[in-house]
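Here the structure comes first, spelled out in structure tokens, and everything after it is commentary.
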Amino acid sequence: MIEVRDLHDWPTTEAEAVAIQERLRPLVRTDGEPAEVRTAAGLDVDYRESSDEIVAAVTVLDVETLSVVDSAVVRDRARFPYVSGLFAFREAPPLLAALQRLSVEPDVLVCDGQGLAHPRRFGLACHLGLLTDLPSIGVGKTPLGHFDQPAEPRGSWTPLHLNGEEVGRALRTRTGVKPVFVSPGHRHTLSAACDLVLRLTPTYRLPETTRAADRLGREG
DNA sequence: GCGACAG
DNA sequence: ATCTTGTCGC
């Protein structure tokens, strides 16, 4: 079973949330990657009409066949407003609860959002990876930072820069379609993260892990 | 004052 | 995130 480390209290104010990010950022490891990735978890959150109701969905896929081998859904009420840069304080609590309900421990977490591509280098993927101590990566649909357009063919990429640092890549997962934005979360390198995203993306723009979690959250 | 702003 | 029209491609 996935253990969630008790590294911080859940904040009420933005200042408290920022302080937690600053304190935990040095604990993130950006080296290494899983020795072998047999299973990958997709994490996604669905927002309902009240905008206060949120549904966290996690699906574990066999990386070879891309079939779903485990899943969990948690309905909750958001306890933190949406603030760019403080995303995790809104989405992480139900996602962690869903992760704890899994019976299969995935080799890597594929998060819907950024990892190191974050103003304080502590995006959702870093936060979830650190609290579970699992390898994690972020795959965002919208960039946080600046990039040049990668070449048209699938697999092409360009660096994603933020505050003068290279924090991730704009990666073309499908020829002629706008790229996704990949950055390391915890215990994972950037290049291995991009390799994994391409393996999880044989057909569409977004990884099958994310697509499966999105579908599950929409139903449940 | 103006633009930027993960989901 | 969600809303919404038009266009392209399989």
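We name chains A, B, ... by the order of the sequence lines, and we start the count at 1 in each one.
Between the CG atom of A:Asn163 and the P atom of B:dA4 there is a distance of 16 Å, given to the nearest Å. Rounding to whole angstrom units, CG of residue A:Leu116 and P of B:dA6 are separated by 17 Å. Atom CG of A:Asp44 is separated from atom C1' of B:dG7 by 9 Å (rounded to the nearest Å). The CZ atom of A:Arg48 sits 19 Å away from the P atom of B:dG7 (whole-angstrom rounding). Here B:dC5 presents its P atom at 15 Å from CZ of A:Phe87, a figure rounded to the nearest Å. Distance, A:His118 NE2 to B:dG7 C1': 12 Å, rounded to whole Å. As rounded to whole Å, 12 Å separates atom C1' of B:dG7 from atom CG of A:Asp214. Across the protein-nucleic acid pair, A:His146 atom NE2 and B:dA4 atom C1' stand 9 Å apart, rounded to whole Å.
The aromatic rings of A:Phe89 and A:Trp10 sit perpendicular, their planes meeting at an angle over 60°, well past the 30° parallel limit. The aromatic rings of A:Phe181 and A:Phe147 stand perpendicular to each other, their planes meeting at an angle above 60°, with 30° marking the opposite boundary.
When each of B:dA6, C:dT2, B:dG7 is scored by its nearest atom to the side-chain atoms of A:Leu124, the top-ranked nucleotide is B:dA6. With distances taken from any side-chain atom of A:Glu91 to the nucleotides B:dG7, B:dA6, C:dT2, the minimum falls on B:dG7.
Put simply, A:Thr142 has no side-chain N or O that comes within less than 4.0 Å of OP1 or OP2 on B:dA6. OP1 or OP2 of B:dA6 has at least one side-chain nitrogen or oxygen of A:Tyr82 nearer than 4.0 Å.
Residue contacts for A:Gly138: at a heavy-atom cut-off of 4.0 Å it reaches no nucleic acid atom on any strand shown. Here A:Gly140 lies in heavy-atom contact (under 4.0 Å) with sugar-phosphate atoms only.
Heavy-atom nearest nucleotides on DNA chain C were determined for A:Arg174 and for A:Asp112, and the one closer to the 5' end corresponds to A:Asp112.
Ion pair A:Asp195/A:Arg199 not flagged as a salt bridge, since none of the NZ, NE, NH1 or NH2 atoms sits closer than 4.0 Å to an Asp/Glu carboxylate oxygen. Under the 4.0 Å criterion applied to side-chain N and carboxylate O atoms, A:Arg38 and A:Asp107 are not assigned as salt-bridge partners. Using a 4.0 Å cut-off between a side-chain N of Lys or Arg and a carboxylate O of Asp or Glu, A:Arg187 and A:Asp133 qualify as a salt bridge.
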